[in-house]
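Reading through the C-alpha cells given below for one structure.
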Amino acid sequence: MRRKIFKKLVMDEPKEPKINEQPNTKDIDLKKQNISSQIEDNLQTFKRMFSVPKNTDVKVREFTIPALKRRAFIIFVSTMVDLEHIKESIMEKLLKDEQTSTKIQDIVSYPMSKTATNIGEITDFISGGVTALFVEGDSQCYLYETTKIHGRSIEKSANEVIVKGAKEAFNENVVDNIALIRKKISNENLIAESQVITKRSKNSVFLVYEKDLVNDEILQSIKIKLATLNADKILDLSILEQYLEERPRSFFPTLLYTERPDRAAAFIEEGHIVLLMANSPSCLVLPTTFWALMHSPEDHYLRTPYGNFIRLLRFLALFIAIFASPFYIAITNYHVGMIPPDLLMAIAGSRERVPFPSIVEILMMEIGFELIREAGLRVPSPIGPTIGIVGALILGQAAVQANIISPIVIIVIALSGLSSFIIIDGSMNFAIRISRFLFIFSAGFFGIYGVMALFTIGLFYLVSLRSFGIPYFAPMTPHFSSSKDLLIRHIPINEKFRPGYLKPKDMVKQRKG
C-alpha cells in the first residue's frame, strides 16, 4: 500500500522545467515574416502573439470602415496608451459614414507614426504603447504613437542637494529626461541615439552626445560594448553600469551616476557621452575620471573663492574619512612618542578603564555607525532622523558610561563619519567607507607603516584603472591639456579648453574676441 501511495506521489509531482530549454521556435520564425493581406490571418497571428484573451490589458477591437467598406481591427496595450485619443481621433473617424476619402491617412486625424510590414517589428511597437491598425486587403500596418505612461512629475534632486543652482532632477520618463537636457543645450548637433540592448525585454538605451564634439573612437567603443551585451533584461541604469565597467569587482567606480540634468548637460558640452534609460531617474556619464566623481555642480554655481573653499573642504574630508580612525589606532598602539605628553596623559586617562584594545573600540564604533546610517536610510523618512539621534547620543553616551568605549573614540568616529557625508557621489562614498576598514586593519597590524604601504598600493591601483580607455587620474597623470579644473577651479573666463584626454573635435570652448 505504501509503495502505491509513494508511486502516485512521484508520478503526480510536477516536472521541473529544463534549464537549457529552447524558446518557441514557431514564434521566432513568425516574427521574421511579414503580415498577410488577409485580415483574419493577421487577427489570429497577433491574438496568438499577445495571448488574447488571456492577456487582459491587450485589447483588440474589430469593426468595418464605412468609407472603405472593408473590415479592420486595432490592437493596443490599454495600460500604456491614451484611450481618449484612440476613441476620439482614431475610432470615431474610422466609423463615420460621411467620409469621402479612401486613404487611411486622410480619414484618421491622429498623426500617423509610420507603417510597417514585419510581424516582429509591429509586435515591438505595440509592446511599447503604439496602436496598430490593420485593414483588410492592405499588406501593411498603420502605427499611431498613442503612448501614455503615468509617472512622477519633475521634482527636486533628492541625493545631489545643492544650495545655489538648478533644482530639477530626472524622473522615470526618458522622454522628459531628454527634454530636460535639450532645454539646456539648444543645439542641432545634440544627438539622442537609441540602441536596443536586451533580447527578451527589448530594453533600449539612449546615447546623448554632441556630434561636433564627441570623440568617434570612444563613441564607437561604447556602442560595441552595448551591442555585445548578452542579457535578457536590463531594467535600470544601475544594472547597466555593472555590465559596462571594466572591473566590476573594484571598490572604486569608473562611471558617474547622476540624477541632475544640469550636470549631464555640462558633461555633454565637454565632449562626454550620457546614457539614459526608461524607468531610470538618472543618467550615466562616460567616460569618468576620479576628479569628476569628487566634484559637485555647486562648485561652478558659486563664485570662484567660495567654490574652491568647498572643494578643498571636500578633499580634506576625503582624507579625514579614510585616515582618522587608522591614525588613531597606529599612534596609540605603536607611535605614542608622536603624541604631546599632555594629550597622551588625557588619552591614557580616558582609556584607563576600557578593557578592549583601540582597534576593537574603533571597529565596534565604526560598525555601529554604519548600522545607524543604513537604518536611518531604510526606515520611513519621519523616523529616520530620530534613529540617528537615538543611535548617536544615547548609545554613544551609554557606551562611554559603561567603560566600553573611550570618549576620544567617539570624537574620532563622529569626525570620520561626518566627513564621509560630504562626498557627493554615492559610489565613491561606498568606496571610501570600505577602504577605511582596510586601513584600520593595516594600522592595527603594522602601525603607520602599514597605513602608508596600503596607501601606496592603493595609488598604484587607482592609476591602473581606466574608463573606456581614459586613465582614472587624467588629466593630472598622464598629463593632458585641459581647463585644469582639478583641485582648484579657475575663474570661468580662464577655462578655455575642454578635457584633452577626451580628444574632442573642438578643443577650445572659449575664444578671444
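Source: prediction; values computed, not measured.
- Residues forming a ring pair (Phe, Tyr, Trp, His ring centres under 6.0 Å) with His490 (at least two apart in sequence, or on another chain): none.
- Closest of all the heavy-atom pairs between Phe439 and Phe455 is CE2-N, 3.7 Å.
- More than 12 heavy atoms of other residues, nucleotides or ligands shown are found within 6.0 angstrom of NZ on Lys184.
- Listed here is the closest heavy atom pair of Glu270 and Leu502: O-CD1, 3.6 Å.
- Heavy-atom contacts from other residues, nucleotides or ligands closer than 6.0 Å to CZ of Phe446 number 12 or fewer.
- Judged as a salt bridge (charged side-chain N to carboxylate O under 4.0 Å, His left out), the pairs with a partner in residues 308-317 (not counting sequence neighbours) are, in order, Asp299-Arg311, Asp299-Arg314, Arg311-Asp485.
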(message) Checking Asn173 against Asn171 for the side chain to side chain donor-acceptor pair (under 3.5 Å) test, could you report, in this order, the C-alpha distance in whole Å, the side-chain angles of both residues, the deciding distance, and whether it holds?
(response) CA-CA 6 Å; Asn173 190 341; Asn171 62 18; 5.6 Å; no
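- Between Asp262 and Pro297, the closest heavy-atom pair is OD2-CB, 4.5 Å.
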(request) Report the C-alpha separation of Glu298 and Tyr306 in whole Å, then their side-chain angles, then the decisive distance to 0.1 Å, and conclude whether the side chain to side chain contact (heavy atoms under 4.5 Å, CB included) test is met. (result) CA-CA 10 Å; Glu298 195 167 23; Tyr306 312 152; over 6 Å; no
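- The neighbour count for Leu343 CG, taken as heavy atoms of other residues, nucleotides or ligands under 6.0 Å away, is above 12.
- Rounding to the nearest 0.5 angstrom, the gap separating the CD1 atom in Ile432 from the CE atom in Met428 is 6.0 Å.
- More than 12 heavy atoms of other residues, nucleotides or ligands lie within 6.0 Å of NZ in Lys167, so this atom counts as buried by the packing criterion.
- Rounding to the nearest 0.5 Å gives a distance of 5.0 Å between OG of Ser250 and CG of Leu465.
- Not less than 6.0 angstrom separates the ring centroid of Tyr472 from the ring centroid of Phe252.
- The heavy-atom pair separating Val130 from Thr147 by the smallest distance is N-OG1, 4.0 Å.
- Scored by the ring pair (Phe, Tyr, Trp, His ring centres under 6.0 Å) test, Tyr449 finds His335 as partners (sequence neighbours excluded).
- With values rounded to the nearest 0.5 angstrom, Thr332 atom OG1 is found 8.0 Å from Ile362 atom CD1.
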Which atom pairs, one a donor and one an acceptor, fall under 3.5 Å between side chains of residues 271-281 and the rest of the protein, sequence neighbours left out?
{"from": "His272", "atom 1": "ND1", "to": "Pro287", "atom 2": "O", "distance (Å)": "2.9"}
{"from": "Ser280", "atom 1": "OG", "to": "Asp236", "atom 2": "OD1", "distance (Å)": "3.0"}
{"from": "Ser280", "atom 1": "OG", "to": "Leu237", "atom 2": "N", "distance (Å)": "3.0"}

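- Scanning all heavy atoms of the two residues, the minimum distance from Leu302 to Gly307 falls at CB-N, 3.9 Å.
- Residue pairs satisfying the ring-ring contact (aromatic ring centres under 6.0 Å, His included) criterion with at least one member in residues 210-248, sequence neighbours excluded, are absent.
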(request) Check step by step if side chain to side chain donor-acceptor pair (under 3.5 Å) holds for Tyr144 and Thr131. (result) CA-CA 5 Å; Tyr144 298 93; Thr131 297; over 6 Å; no
(message) Checking Lys223 against Glu193 for the salt bridge (charged side-chain N to carboxylate O under 4.0 Å, His left out) test, could you report, in this order, the C-alpha distance in whole Å, the side-chain angles of both residues, the deciding distance, and whether it holds?
(response) CA-CA 10 Å; Lys223 287 182 178 180; Glu193 186 178 349; 2.9 Å; yes
(request) Show the numbers, then the answer: is there a side chain to side chain donor-acceptor pair (under 3.5 Å) between Ser204 and Gln195? (result) CA-CA 5 Å; Ser204 295; Gln195 185 172 339; over 6 Å; no
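- Lys114 and Glu121 are joined by a salt bridge, as a carboxylate oxygen and a charged side-chain nitrogen come within less than 4.0 angstrom of each other.
- Counting only residues at least two apart or in different chains, salt bridge (charged side-chain N to carboxylate O under 4.0 Å, His left out) contacts with residues 430-451 comprise Glu366-Arg436, Glu370-Arg433, Glu370-Arg436, Glu374-Arg433.
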(message) Could you go through Ser420 and Arg373, starting from their C-alpha distance and side-chain angles, then the distance that decides it, and tell me whether this counts as side chain to side chain donor-acceptor pair (under 3.5 Å)?
(response) CA-CA 11 Å; Ser420 67; Arg373 182 199 299 233; 2.7 Å; yes
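- For the atom pair Asp57 CG and Ser78 OG, the distance stands at 5.0 Å (nearest 0.5 Å).
- Closest heavy-atom contact between Pro253 and Glu245: CA-OE2, 4.0 Å.
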